[in-house]
Number of protein chains: 2
Amino acid sequence: MASSSGPDSSRRVTIHDVARSAGVSRQTVSRALNGKDEIERSTKQRVLDAARELGYRPSRFARGLVRQDTTTIGLVIPDLRNPFFTEVAASALESARARGWHVVVYDTADRPEEELGTLQVIGSQVDGVVGYFSCAEDELDRYTRGMPMVLIGREHRMARFSSIRIDGEAGVHAAVAHLVARGHTMIGMLDHDNRAEPSLRREWFTAAALAHGIDPGRVAGAGQSADGGGAGLRALLAAHPEVTAVFTFNDIVAIGALREARRLGRAVPADLAVIGFDGLQLGALMEPPLSSVALDTRRLGALAVEQVGRLLTGADPLPPEDLEVRAELRLAGSA
Amino acid sequence: MASSSGPDSSRRVTIHDVARSAGVSRQTVSRALNGKDEIERSTKQRVLDAARELGYRPSRFARGLVRQDTTTIGLVIPDLRNPFFTEVAASALESARARGWHVVVYDTADRPEEELGTLQVIGSQVDGVVGYFSCAEDELDRYTRGMPMVLIGREHRMARFSSIRIDGEAGVHAAVAHLVARGHTMIGMLDHDNRAEPSLRREWFTAAALAHGIDPGRVAGAGQSADGGGAGLRALLAAHPEVTAVFTFNDIVAIGALREARRLGRAVPADLAVIGFDGLQLGALMEPPLSSVALDTRRLGALAVEQVGRLLTGADPLPPEDLEVRAELRLAGSA
DNA sequence: AACGTTCCCGTGAACGTTCACGGAACGGGT
DNA sequence: ACCCGTTCCGTGAACGTTCACGGGAACGTT
């Protein structure tokens with residue numbers, strides 16, 4: 001019913017159509033639309049009207065082909081509903097926007113098998129990738145075909161990739177030291193449960209505990225959710241009833257532990273001290289507020305974007321020792 | 001130092017370069033890279049090797065220009081760190097992925113003045129837009145130039161746009177009814193504070209209160225954060241000490257109120273009942289768990305994507321009465 | 001009257017890829 | 001010897017835009 005004067009229906013409206021309709025050339029249309037100079041006021045208006053009338057929208061592909069400016073990076077996140085990844089994503093978005101880059105976000109729905117498929121799709125759609133990946137590096141390499149990529153929160157073995165390392169060693173040490181100073185000697189940990197090898201955080205905990213002459217063996221696995229944390233705490237206390245303080249793999253688990261402790265009638269921090277890992281903003285909302293070995297998620301995202309930018313432009317990439325965010329103990333009410 | 005045999009340095013590696021290097025034609029290279037059929041095994045391998053050697057990556061623009069398949073939509077969010085928007089974003093991502101679409105996310109950092117700039121940038125980069133916008137419709141229209149757009153959580157006046165309406169009338173009514181049934185008669189509300197007109201949710205509350213013969217005037221403003229909710233509750237109780245139950249603009253504010261209540265020594269729900277709005281997953285982590293007039297954020301995002309898809313493909317768009325998400329009371333411990 | 005300026009506007013070419021075609025080489029059947 | 005089918009590969013053209021250039025008209029200057 002609209003006054004589409006063109007005879008054929010489904011073809012895309014191009015700059016030619018607008019030009020013909022306004023009685024000018026392509027170039028003049030381009031000038032009008034892009035606010036260029038060499039064009040008369042009345043002509044410009046006529047072109048603009050014609051464009052609006054025809055419902056013309058420039059093709060981003062054609063434009064991108066000729067002007068090499070727009071850069072787009074892909075951000076791959078296991079689960080956007082997980083507050084930790086949300087914070088990282090938000091900060092990555094922030095730095096990308098500051099550079100005028102576009103970010104297309106992919107959520108792998110926590111299924112590692114989605115990673116490769118995502119990578120395949122992403123590969124032909126973005127200039128570089130930043131994100132969390134759990135699969136093997138050579139497998140990643142096979143699917144990226146030489147695309148700049150920055151891994152977050154993971155060690156890299158191959159020179160092929162950059163990665164942002166998370167150094168929580170000192171922070172975890174400080175956490176254990178703090179608990180010891182408060183008189184705790186029976187300190188447990190809730191670790192990640194569905195990963196084959198023990199986590200780095202577990203290793204840090206073990207080292208810190210040993211350094212204080214504490215048995216590092218009081219560990220239980222926990223699913224990566226609040227409910228998982230609750231269940232994990234029950235399991236831990238069942239196996240080691242003597243535990244009076246607990247360090248957790250991350251804040252989500254800690255929050256679940258906090259809630260479970262209350263249900264078990266153990267006051268926090270009096271009967272049970274809890275320290276998490278990540279330093280989520282969310283932790284501050286808890287009662288008592290969660291103590292945590294906090295890392296600067298803002299810096300995490302920003303660093304990753306910075307590095308992928310360097311890889312992209314060919315500038316010299318940051319050396320591994322700079323690609324590191326240090327976690328430090330942030331005390332609140334829970335310990 | 002890499003064996004880049006080409007003499008000139010900065011030019012992009014194209015399919016021609018690979019073809020020349022492998023001693024074949026463009027088309028053969030294309031076949032090898034896209035896994036097409038009519039190519040010999042050994043030739044394919046030779047091409048693949050050459051491509052890898054040269055660091056060739058196809059141009060997404062050139063490819064997109066000729067194959068009209070990839071569609072990308074823009075998702076505009078005020079603040080990704082806000083759990084509510086995160087949930088909506090996650091669900092939008094989910095539906096988009098199911099359709100094989102790409103989503104580029106823009107965070108306007110809660111500054112309405114960023115909206116138009118974002119829209120301008122976005123306009124030439126995506127096929128359609130879904131998101132939250134606070135500025136006037138004719139202003140939006142001016143910047144979108146006819147791009148399909150779906151507004152979330154907002155009424156639309158112009159026929160130009162689609163929007164997903166949030167119907168909380170029945171849910172809020174149920175919330176008030178529940179409080180009344182529990183014996184509450186002095187029910188307050190913490191409303192959005194930095195918006196000119198009173199919110200829709202406030203209107204629903206007023207109507208529901210009046211329907212139960214309750215004074216709807218016990219209202220205080222609250223900033224959109226947990227701290228804002230705490231401050232709001234203090235203000236509300238200062239002005240109306242008789243209040244025994246409170247309904248809040250959203251869950252974030254409710255959570256702040258919950259925390260503040262505990263600090264004030266008022267037990268929840270015994271001394272003070274709290275009901276929020278949104279139904280965030282986060283609410284379940286609180287102690288006591290938050291009651292809320294919950295809306296299905298998953299459906300919210302999915303609907304928006306569905307509709308923008310229809311606008312995009314020219315299929316008949318959903319009628320306004322289907323573009324609606326009903327909020328319903330979900331009771332937990334806090335009321 | 002010839003010439004230089006300024007202001008508009010249009011014409012080929014280029015960006016890098018895929019599609020639709022055509023064609024060479026090879027092998028096997030009659 | 002001829003034809004036909006299969007397998008593999010290459011050649012124009014097209015996608016829709018912008019860039020670099022060139023050119024005409026109008027106006028003023030010498």
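Reckoned from all heavy atoms, side chains included, excluding hydrogens, waters and symmetry mates. Throughout, protein chains are lettered first and strands after them, A, B, ... in sequence-line order, and every chain is numbered starting at 1.
If you measure from atom CG of A/D17 to atom P of D/dC15, you get 11 Å, rounded to the nearest angstrom. Rounded to whole angstrom, the span from the CG atom of B/D37 across to the P atom of C/dC19 amounts to 13 Å. We find that CZ of B/R41 is positioned 14 Å from P of D/dT7, with the value rounded to whole Å. One can place CZ of A/F61 at 11 Å from C1' of D/dC15, the figure rounded to the nearest angstrom. Atoms CZ (B/R67) and P (C/dC19) sit 6 Å apart, rounded to a whole Å. Atom-to-atom, CD1 of B/I15 to C1' of C/dT18 comes out at 8 Å; the value is rounded to the nearest Å. Going from atom CZ of A/R20 over to atom C1' of C/dG10 covers 16 Å, rounded to whole Å. If you take CZ of A/R46 and P of C/dC8, they are 13 Å apart, rounded to a whole angstrom.
Across all strands shown, A/K44 has no heavy atoms under 4.0 Å from either base or sugar-phosphate atoms. Residue-level contact check: A/Q27 touches the bases, meaning some heavy atom is under 4.0 Å from a base atom.
In this model, the phosphate group of D/dC9 is not approached by any side-chain N or O of B/T28 to a distance below 4.0 Å at OP1 or OP2. For D/dG10, one of the phosphate oxygens OP1 or OP2 lies less than 4.0 angstrom from a side-chain nitrogen or oxygen of B/S25. The phosphate of C/dC9 (OP1 or OP2) has a side-chain N or O of A/T43 nearer than 4.0 angstrom. Phosphate contact (OP1/OP2 of C/dT18, side-chain N/O of B/S30, threshold under 4.0 Å): present.
Between the side chain of B/E40 and the base of D/dC8, no donor-acceptor pair under 3.5 Å is found. Under 3.5 Å, the side chain of A/R31 and the base of C/dG10 form at least one donor-acceptor pair of N or O atoms. With hydrogens and angles ignored, a donor-acceptor pair closer than 3.5 Å exists between the side chain of B/R26 and the base of D/dG12. At a cut-off of 3.5 angstrom, the base of C/dC7 holds no donor-acceptor pair with the side chain of A/E38.
The B/V66 side chain lies nearest to D/dC15 when the options are D/dC15, D/dT17, C/dC15. Residue A/Y56 has its side chain nearest to D/dT17 when only C/dT18, D/dT17, D/dG16 are considered. Considering only side-chain atoms of B/A62, the nucleotide from D/dT17, C/dG16, C/dC19 that sits closest is C/dG16. Checking C/dC15, D/dT17, C/dT17 against the side-chain heavy atoms of A/Q68 singles out C/dC15 as nearest.
A salt bridge does not link B/E306 with B/R299: every distance from a Lys NZ or Arg NE/NH1/NH2 to an Asp or Glu carboxylate oxygen is 4.0 Å or more. A salt bridge links B/R20 and B/D17; the closest N-O separation between the charged side-chain nitrogens and carboxylate oxygens is under 4.0 Å. A salt bridge does not link B/K44 to B/E38: none of the charged side-chain nitrogens sits closer than 4.0 Å to a carboxylate oxygen.
Checking B/L65 against B/V24, the closest nucleotide of DNA chain D that is more toward the 5' end is the one next to B/V24.
Atom CG of A/D322 and atom CZ of A/R165 lie 12.0 Å apart (nearest 0.5 Å). To the nearest 0.5 Å, atoms CG (B/L295) and CD1 (B/I164) are separated by 12.0 Å.
Between the side chains of A/S124 and B/R57, no donor-acceptor pair is found at a separation under 3.5 Å. Residues A/T297 and A/E87 bring a donor and an acceptor atom of their side chains to less than 3.5 Å of each other.
Across its full length, the helix from C/dA1-D/dT30 to C/dT30-D/dA1 shows an angle of 60° between the axes of its 5 terminal pairs at either end, rounded to 10 degrees.
Residue B/R99 qualifies as enclosed at atom CZ: its count of foreign heavy atoms under 6.0 Å is above 12.
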